[in-house]
> 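Structure in structure tokens, see below.
By convention in this document, chain letters (A, B, ...) are assigned in the order of the sequence lines, proteins followed by strands, and residues within each chain are numbered from 1. Treat the numbers as computed from the prediction; the structure is a model and nothing was measured.
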Number of protein chains: 2
Amino acid sequence: MPERAPAPRPDAPHDGEADEVVTAVLTASRLLVAVSARSLASVEETLTLPQFRMLVVLSTRGPMNISRLGTHLDVIPSTAMRMVERLTGAGMLERELNPGNRREILIRLTAEGRRVVDAATDRRRAEIARIVGAMPPAHRTALVEALRAFSEAGDEPPVAEQAAPARTGTDMRW
Amino acid sequence: MPERAPAPRPDAPHDGEADEVVTAVLTASRLLVAVSARSLASVEETLTLPQFRMLVVLSTRGPMNISRLGTHLDVIPSTAMRMVERLTGAGMLERELNPGNRREILIRLTAEGRRVVDAATDRRRAEIARIVGAMPPAHRTALVEALRAFSEAGDEPPVAEQAAPARTGTDMRW
DNA sequence: CGGCATGTTTGCATTATGCAATACAAATCA
DNA sequence: TGATTTGTATTGCATAATGCAAACATGCCG
């Protein structure tokens, strides 16, 4: 392993307070992942997380071709291809020949696919809402603002070293 | 300890404020997962996320047998078995025959395995710290408290099977 | 038309996973 | 103590997710 020096290090290594924040974030992120997995499992036992992500992309962005679909999921076309085949076989997707361009094929959700997405999404939001509901109300508002600030701060393109698409063990990126 | 609702309603009401919180949480969670994937990829291209999780479990909980290891990762023994084989082949794990009980085998990290875990963990904490550092300081403290309340509200482990946190806190797992 | 770019498929290899069956070892029972 | 049951590890078999490279198909240009 190349001990490549990490480019971004704009902050002091061991600041007690910063450590506290980082730990809080990491802990919360673990909970969030667990919630997602649970919600999905409760709706569709046979659906994997990558498959669910594909349905979600099609649901929120509308029909698109295999390559673009793969791009949204950070996988190469061949992977997207096989996933589409499986989900088509499961009745959740359908392929539509694009009349204007015969080398592209539009992939779209079927009614069944949309049903699954909606059910899982509702379930996840409900689970998160349940957890939030168990928080002291004062913390709820603080959470919204703090998370917004956090998301905003993290939105910036990852400093340097963005070039590599970074090999994908990257599952569960709902 | 906050007044965590003893009987959380299984169905959450969809009032505007709750929706806001849920949306903020979902948005932040996407960012967190992306950060995790990036950090791992930047340290070890050949390591998958499940493999990394296995190393982390062994790092934070110490050596254990295949079955328990699988339990911590939510996979069945055969899956854990094969993962151990691969990671052993990669020089990150080693098997130790248990003298007191010949039907169990202890799996432990090698120095190389520990190095990988530490590097990836440091990298991830650094990335999060970078994001947090870009937040207004006032929001930082609010974030800690709010996330703690959130994690606590959602911490409903089936059993209390967590031993004392062996090392430097933060058993963030993946 | 001929080459280049864009998209889709296939072939091949590896990892992750679950289920079922097997092989041992330890514990329990009759 | 010998037979049965239980706990672990391991192997066989099957499917999904992935990447890379190569084979095709189609659209565009000069």
> Looking at D:dA16, I'd like to know if its phosphate oxygens (OP1 or OP2) sit under 4.0 Å from a side-chain N or O belonging to A:Q51.
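The answer is no; no side-chain N or O of A:Q51 sits under 4.0 Å from OP1 or OP2.
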> What is the bend of the helix from C:dC1-D:dG30 to C:dA30-D:dT1 when you compare the axis at one end with the axis at the other, using five pairs each and rounding to 10°?
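What I find for the helix from C:dC1-D:dG30 to C:dA30-D:dT1 is an axis angle of 10°.
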> Hey, are B:R115 and B:T110 close enough side-chain-wise for a donor-acceptor pair under 3.5 Å?
no
> Using modelled atom types only, decide if a donor and an acceptor are shared between the side chain of A:Q51 and the backbone of A:T48 within a distance under 3.5 Å.
yes
> Output the rounded distance in Å from CE (B:M64) to P (D:dA9).
12 Å
> Tell me: CZ of B:R53 to P of C:dA16, nearest whole Å?
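Checked: the CZ to P distance equals 12 Å.
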> Any sub-3.5 Å donor-acceptor pair from A:T71's side-chain atoms to A:S67's backbone N or O?
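The answer is yes, because a donor-acceptor pair under 3.5 Å joins these two groups.
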> Rounded to whole angstroms, how far apart are CG on B:L73 and C1' on C:dT15?
15 Å
> Whole angstrom is fine here: how far is it from CZ in A:R86 over to C1' in C:dA16?
13 Å
> Base, sugar-phosphate, or nothing for B:T79, non-hydrogen atoms under 4.0 angstrom?
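Base contact - B:T79 has a heavy atom under 4.0 Å of at least one base atom.
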> Identify whether the distance between the nearest side-chain nitrogen and carboxylate oxygen of A:E127 and A:R130 falls below 4.0 Å.
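Salt bridge: yes.
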> Find the distance between CG (B:D74) and OG1 (B:T79) and round it off to the nearest 0.5 Å.
11.5 Å
> Figure out the CG/P separation between B:L97 and C:dC24, and round it to whole Å.
15 Å
> Looking at every non-hydrogen atom in both residues, tell me the closest pair between B:A80 and B:V75 and how far apart they are.
N-CG2, 4.0 Å
> Looking at A:E20 and B:R148, does any basic side-chain N land under 4.0 Å from a carboxylate oxygen?
yes
> Closest approach to the side chain of A:T48, judged atom by atom: which nucleotide of C:dA16, D:dG27, D:dA17 is it?
D:dA17
> Please test A:L109 against A:M92 for side chain to side chain contact (heavy atoms under 4.5 Å, CB included), starting from the C-alpha separation and ending with a verdict.
CA-CA 6 Å; A:L109 280 186; A:M92 296 185 214; 5.6 Å; no
> Rounded to the nearest Å, what distance is computed from the CG atom of residue A:L69 to the C1' atom of nucleotide D:dT18?
15 Å
> Could you give the CD1-to-C1' distance, from B:I76 to D:dA9, as a whole number of Å?
13 Å
> According to a hydrophobic-cluster definition based on side-chain heavy atoms being under 4.5 Å apart (Ile, Leu, Val, Met, Phe, Trp, Tyr only), do A:V117 and A:M64 belong together?
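A:V117 and A:M64: one cluster.
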> Does OP1 or OP2 of C:dA26 have a side-chain N or O of B:R102 closer than 4.0 Å?
yes
> Strictly under 3.5 Å: I want the nitrogen or oxygen pairs between protein and nucleotides 7-13 of chain C, one per line.
| unit_1 | atom_1 | unit_2 | atom_2 | d |
| --- | --- | --- | --- | --- |
| C:dT8 | OP1 | A:I66 | N | 3.2 |
| C:dT8 | OP2 | A:S67 | N | 2.9 |
| C:dT8 | OP2 | A:S67 | OG | 2.5 |
| C:dT9 | OP1 | A:R95 | NH1 | 3.4 |
| C:dT9 | OP2 | A:R95 | NH1 | 3.4 |
| C:dG11 | N7 | A:R82 | NH2 | 2.9 |
| C:dG11 | O6 | A:R82 | NH1 | 3.1 |
| C:dG11 | O6 | A:R82 | NH2 | 3.3 |
| C:dC12 | N4 | A:R82 | NH2 | 3.3 |

